[in-house]
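Take a look at the structure set out below.
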Amino acid sequence: MPTAVRFSPTRTEIAGVGVEQLARQFGTPTYVYDAAKIVERIHDLRAFDHVRYAQKACSNLAILDLMRRNGVLVDTVSAGEIRRAQAAGYALHGDPPPVVYTADIFDAEALEMVVKHSIHVNCGSPDMIEQLGRAAAGRDITLRLNPGFGHGHSQKTNTGGEHSKHGIWHADLGKCLRLAKEHGLRISGLHMHIGSGTDLEHLSQVCGALEKAAGEIGPQLASISAGGGLPIPYREEQSYVDLDAYFALWDATRQRLAAAFGHPLRLEIEPGRYLVAESGFLIAQICAVKQMGNNTFYLLDAGFNNLARPILYGAYHPMAIVPRGTAAAPLQDVVVGGPLCESGDIFTQEEGGFVRTRSLPKAEVGQYLVIECAGAYGFVMGSNYNAKPLAAEVLVCDGQPHLVRRRQTFEDIIAGEQIPGA
Ligand code: LLP
């Protein structure tokens, strides 16, 4: 289990393949994922009975296929994600459920799919219990409870407490038990997820809250889920969560419940970021180097249309320059920005939009810059803003790069648009 991380301001390869080779072969901007790193992260969590991947973090079919082949179950939050799981070879129904639909609402398509394919539902609102009960009585369901507190790396990723729209409010549990009974649904699972990128202290508080709620539900419970939220180190001074300690807390909770109920309980964990963040690299090219007063700007061909985390949360990502030649270039403080016609298109910013600098090697137009730890909530939050195509995605397996999504074409971007009368 790694405890400390080191980031270097220069990088020549990703998963054993030269960055320049990758850039030449696939163009830029391109996301590159290291399959071995994902498999390593899956193994870190093997103490849990089941690892369920929150595919919202990175839902390329090749990544889902890798998860499936390594015994990972999958979480879905929309009809589209259910279809992705299916397209990657997941069975939609089974024991334990290979696919779970976790949301606070059903839209018409999602409800139709979960009913038709008997997909297990993790209900995040009393309305979902009623709607599913009317459409498909007699099912097992999971309840996602909001314990009344939460925590995340940003206020925007905190999913607990009364300012969050997520989950069933803890005090409504009694009402939901009655609702489920009325509709012939059996509550076989209990789930809590208090936020993304939180810390061990906050994550640990969930055990107590879940145990209390489980006591109210009683022996019909067959499984509990710790949710996701495991952080990863994005900066030098950050370290990994003590996974052994985290598992021990959850295991003890599970054992106490099993003793009280007189039968074993399954323990799941539902990470997104932890499994894929460190595997992902965004390769971009420096297209302009300019001086604005005291600030030097490196302007890239990748922007917040490719990686939105800095503009959304002031998120920090390690960055590295691909060196030219062998001589080490001196470091300088630079602002790193993208190509978009919007001043917020800056990768080195803090929450609130405050522009900061980063110490990176002196570089010239044409050199490549790699944005690291970008595998989670990177490509999936991309957009076509400024009519920019979505990036290509490449998966490196055993030293071989595979194109797993081609770069969008202009025709892809305008597909579906129509000029009236034309
Ligand atoms: N389970 C549920 C019910 C969730 O809502 C989430 C994340 C996860 C699991 C996975 O959380 P993770 O292990 O990845 O922290 N776009 C934001 C993160 C949003 C997370 C939304 N829900 C970011 O870039 O940080």
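We count residues from 1, following the sequence as given. Indexing begins at 1, ligand by ligand and atom by atom, following the structure's order. Values below: all heavy atoms of this structure, side chains included; hydrogens, waters and symmetry mates excluded.
The single protein non-hydrogen atom nearest to atom 21 (C) of ligand 1 is Lys56 CD, 4.0 Å, given as residue, atom name and distance. In this structure, the protein non-hydrogen atom closest to atom 8 (C) of ligand 1 is His193 CE1, 3.4 Å. Of the protein's non-hydrogen atoms, the one nearest atom 17 (C) of ligand 1 is Tyr313 OH, 3.1 Å. With hydrogens left out, the protein atom closest to atom 24 (O) of ligand 1 is Arg309 NE, 2.6 Å, a heavy atom. In this structure, atom 15 (O) of ligand 1 lies nearest to the protein heavy atom Ser196 OG, 2.4 Å. Nearest non-hydrogen protein atom to atom 25 (O) of ligand 1 is His153 NE2, 2.7 Å.
Assignment of Arg144 to the shell around ligand 1 is supported, since a heavy atom sits closer than 4.0 Å. Heavy atoms of Pro271 approach ligand 1 to within less than 4.0 angstrom. Under the 4.0 angstrom criterion for non-hydrogen atoms, Thr159 is not in contact with ligand 1. Heavy atoms of Gly227 stay at 4.0 angstrom or farther from ligand 1.
Taking the ring centroids of Phe247 and Phe48, they lie under the 6.0 Å cut-off. Between Tyr234 and His317, the distance separating the two ring centers is shorter than 6.0 angstrom.
The aromatic rings of Tyr101 and Phe106 lie parallel to each other, their planes meeting at an angle below 30°, with 60° marking the opposite boundary.
Every atom of ligand 1 is numbered from 1 in the order shown, and the set under 4.0 Å from a heavy atom of Arg273 is 12 (P), 13 (O), 14 (O), 18 (C), 23 (C), 25 (O). Near Gly272, meaning under 4.0 Å from any of its heavy atoms, are these atoms of ligand 1: 10 (C), 12 (P), 13 (O), 14 (O). The ligand atoms of ligand 1 that sit less than 4.0 angstrom from a heavy atom of Ala54 are 8 (C), 9 (C), 10 (C). For ligand 1, the atoms sitting less than 4.0 Å from at least one non-hydrogen atom of Met381 are 16 (N), numbered in the order shown with element in parentheses.
Using modelled atom types and a 3.5 Å distance limit, the side chains of Thr28 and Asp301 yield a donor-acceptor pair. Side chain to side chain, His153 and Thr198 fail the donor-acceptor criterion of an N or O pair below 3.5 Å. A donor-acceptor contact closer than 3.5 angstrom is absent between the side chains of Tyr33 and Asn60. For Asp140 and Gln220, the side-chain atoms include no donor-acceptor pair closer than 3.5 Å. Checking His183 against Arg134 by side-chain atom types alone, no donor-acceptor pair falls below 3.5 Å.
When heavy-atom distances to ligand 1 are checked against a 4.0 Å cut-off, Glu270 comes that close through both its backbone and its side chain.
Ion pairing between Glu81 and Arg84 fails under the 4.0 Å rule for side-chain N and carboxylate O.
For the pair Tyr377 and ligand 1, the shortest N or O to N or O distance falls below 3.5 Å.
Contact of the Leu45 side chain with the Leu230 side chain is registered, since non-hydrogen atoms from C-beta on lie closer than 4.5 Å.
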